Amino acid sequence: MLRVENLVVGRGAGPVARIERLTAAQGEAVLIVGPSGAGKTTALLALAGLAPIHGGQALLGGIDLTALDRRGRDRLRGSAMGFVFQDLHLVAGLSALDNVLLAPFAAGLEPDAPRAQALLDSMGLADLAHRPAERLSRGQAQRVAIARAMLLRPRLILADEPTASLDDQACETTLALLLQAARDTGAALVIATHDGRLRQRGLTVFETEPMS
Amino acid sequence: MTTWKLVIAFIRRRPLSWALHVVTLAIGLAVVLALVQVERAAQARLTRDLASVDLVVGAKGSPLQLVLSAVLQADAPTGNIPLAEAEKIARSPLVKLAVPVSMGDSYRGARIVGTTPDYLQIYGGKLASGRPWARPMEAVVGSEVARRLDLRIGKTFIGSHGLIDSGQQHDHAPYKVVGVLAPTGSVADRLILVDLASVWAVHGESEPPADDHAHHHHDAEQAAAPADRQVTALLIQYRSPMGAVTLPARVRAIPDLQAAAPPVEMARLFSLLGPGLELLRALGAVLLVLAAAGFLVGLIGAVGQRRRDIALLRALGMSARQVFLLLTTEALLLGLAGGVLGVAGARLLVFLGAGLTAPSLGGAGLAQPPMGVADLLTVAAALGLALMAAVAPAWIASRSDPAQDLSGAQA
């Protein structure tokens with residue numbers, strides 16, 4: 001589903017990292033690893049069309065990500081990709097349910113409130129759907145973020161350091177939720193991490209090479 | 001999830017800051033709109049009140065005061081003039097209509113004006129009920145007075161000496177309401193009209209000999225013999241424009257009399273008020289500029305505070321154009337709130353101003369204008385200012401680099 005070859009990604013005008021090869025099939029989870037500053041996050045953002053690609057190839061379900069214009073990248077990101085960030089990025093002032101529904105809103109798609117509620121239910125957040133984001137615990141907020149990434153049944157879920165600064169149990173729970181999300185939606189899951197605990201899970205690992 | 005929900009969530013994060021900006025905008029708009037409305041209401045009222053009075057003849061003094069007191073019923077009279085002189089002027093062939101007025105008493109803030117039935121002719125006054133006065137101590141009340149003081153036909157009341165309520169009451173001479181005027185939209189609505197003879201009758205008995213009320217001048221006249229009777233002023237309509245050329249000069253030749261042309265005096269009044277009005281307008285404009293600047297600063301601050309939210313929305317597929325629209329929608333919503341509050345504030349200012357000026361305007365302040373184009377233009381101005389203030393911050397937000405804002409220091 002996702003196939004990357006010799007992808008050079010950057011910030012602004014200059015390239016900062018390269019991924020020689022990366023593939024992830026439907027429902028499969030892979031890791032992008034590398035030391036801090038090696039361009040892991042930049043690689044994820046480039047796959048999402050938010051950071052420039054300076055060379056190479058990236059195909060998502062046959063769509064050449066390097067050939068899309070800005071509008072095309074926005075559309076594809078909104079309709080076919082889900083994001084889970086290290087810092088969760090829920091919008092304060094909105095409820096958990098509304099944060100999940102931000103995904104179709106931002107993408108200009110019809111909201112599917114029953115599915116959003118069902119996803120929250122499946123993550124044990126049934127009673128917290130209407131609680132403001134700022135009143136959720138970190139674990140609860142992370143589950144909301146994963147539900148949001150799953151809502152539109154994406155083809156690709158991108159997770160940036162989702163387990164950083166979590167204890168072992170929380171790390172285990174988060175990883176299980178992400179893997180479950182990929183299985184449930186049939187999305188390829190790409191996790192950028194420097195968390196050694198994830199490397200022990202037997203997932204396919206790809207590395208970024210810093211270029212500067 | 002809707003745009004409004006998201007915008008309101010954003011606004012609610014900085015409620016005090018936005019409340020301050022909205023209130024500043026509302027105050028600026030309210031001052032400007034209230035000034036426009038007061039000027040319009042004042043002009044409309046003056047147009048009606050001055051009606052077709054071409055000349056006012058009264059005792060020497062300030063001509064502006066003479067017009068204000070005798071026509072607009074908004075100031076103390078300048079003095080009295082002999083009835084005989086007034087009648088002589090009235091008989092001039094240059095005069096189409098001459099209406100004597102005699103003031104000095106009031107009832108609960110409403111002036112009692114002794115006059116002739118011709119007074120109603122000036123303002124197109126018609127009786128809504130009852131009949132005209134036929135003998136002394138009968139009164140016809142204006143519509144506003146009837147409503148405010150609940151003066152219905154058959155009711156009696158006692159006038160007080162002077163144009164405010166604190167004067168001595170003429171207990172010996174109660175008036176009886178025999179007619180109520182239909183609304184004319186003019187000064188007649190705010191008056192109690194009686195026969196000249198009523199005023200003389202009221203003062204025909206024991207009155208304080210000294211002029212202990214600075215605002216009246218009729219004490220000595222009315223008790224006097226008919227030959228010495230006086231009136232406060234004479235309102236004149238010319239038979240032809242020629243009247244304007246010769247009559248004022250003829251009046252000025254008579255000792256202790258003056259002639260004042262209402263349009264001239266009103267122009268003088270507005271030229272006196274002009275600098276004050278300009279200052280208030282400038283104040284309103286400054287407030288509007290401050291409000292727009294406040295919006296600009298507030299929105300730039302909001303964009304800075306929301307970089308990660310905006311980056312998130314971009315990551316979720318929102319286009320730069322939509323981010324721009326989201327910010328402008330927020331500004332427009334706040335602008336709308338400012339506009340609506342501004343319109344309400346202007347009405348409050350006009351209401352308060354009406355209350356403050358009512359005593360000097362015969363018991364009824366300037367009327368609240370109906371909702372109209374000026375109100376809509378005010379809301380439109382608020383939206384325009386908000387939009388202008390929003391363009392730069394919205395552009396900054398739409399051009400921000402989501403990758404930078406999402407990853408922070410990571411690379």
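What you are looking at is a predicted structure, and each value in this text was computed from that prediction instead of being measured. Lettering of chains follows the sequences in order, A, B, ..., and the numbering in each one begins at 1.
- A:A92 touches chain B through backbone and side chain together, each having a heavy atom under 4.5 Å away.
- The shortest non-hydrogen separation linking A:L94 to B:K5 is CD2-O, 4.0 Å.
- With values rounded to the nearest 0.5 angstrom, A:R71 atom CZ is found 6.5 Å from B:R321 atom CZ.
- Counted within 6.0 Å of CZ on B:F270, heavy atoms from surrounding residues, nucleotides or ligands total more than 12; the atom is thus considered enclosed.
- Between A:A106 and B:Q322 the shortest heavy-atom distance is O-OE1, 3.9 Å.
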For side chain to side chain contact (heavy atoms under 4.5 Å, CB included), just list the numbers for A:H89 and B:D405, CA-CA rounded to whole Å, side-chain angles, deciding distance to a tenth of an Å, and then say yes or no.
CA-CA 11 Å; A:H89 293 315; B:D405 297 328; over 6 Å; no

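- With values rounded to the nearest 0.5 angstrom, A:L102 atom CG is found 9.0 Å from B:D309 atom CG.
- In this structure, A:F85 and B:A315 approach most closely via the heavy-atom pair CZ-CB, 3.7 Å.
- Between B:T2 and A:F105 the shortest heavy-atom distance is C-CE1, 3.7 Å.
- Sparse packing is recorded around CZ of B:R12, with 12 or fewer heavy atoms of other residues, nucleotides or ligands lying under 6.0 Å away.
- No part of B:A311 comes within reach of chain A, as not one of its non-hydrogen atoms sits under 4.5 angstrom from that chain.
- Counted within 6.0 Å of CD on B:Q305, heavy atoms from surrounding residues, nucleotides or ligands total more than 12; the atom is thus considered enclosed.
- Proximity to chain B is limited to the backbone of A:L90, based on heavy atoms less than 4.5 angstrom apart.
- In this structure, the portion of B:R13 lying under 4.5 Å from any heavy atom of chain A is its side chain and not its backbone.
- Residue B:L313 touches chain A through both its backbone and its side chain, counting heavy-atom pairs closer than 4.5 Å.
- More than 12 non-hydrogen atoms from other residues, nucleotides or ligands lie less than 6.0 angstrom from CG of A:D69.
- Looking at A:L50, both its backbone and its side chain come within 4.5 Å of chain B, counting heavy atoms on both sides.
- Within a 6.0 Å sphere centred on NE2 of A:H194, other residues, nucleotides and ligands contribute 12 heavy atoms or fewer.
- Of the atoms belonging to A:R148, it is side-chain heavy atoms, and not backbone ones, that fall under 4.5 Å from chain B.
- Here the CE-CG distance, from A:M81 to B:L316, works out to 12.5 Å after rounding to the nearest 0.5 Å.
- Across every non-hydrogen atom of B:A320 and A:D74, the tightest pair is N-OD2, 4.3 Å.
- For A:R11 (side chain) and B:Q404 (main-chain N/O), no donor-acceptor pair under 3.5 Å exists by modelled atom type.
- No more than 12 heavy-atom neighbours from other residues, nucleotides or ligands sit within 6.0 angstrom of CD on A:Q26.
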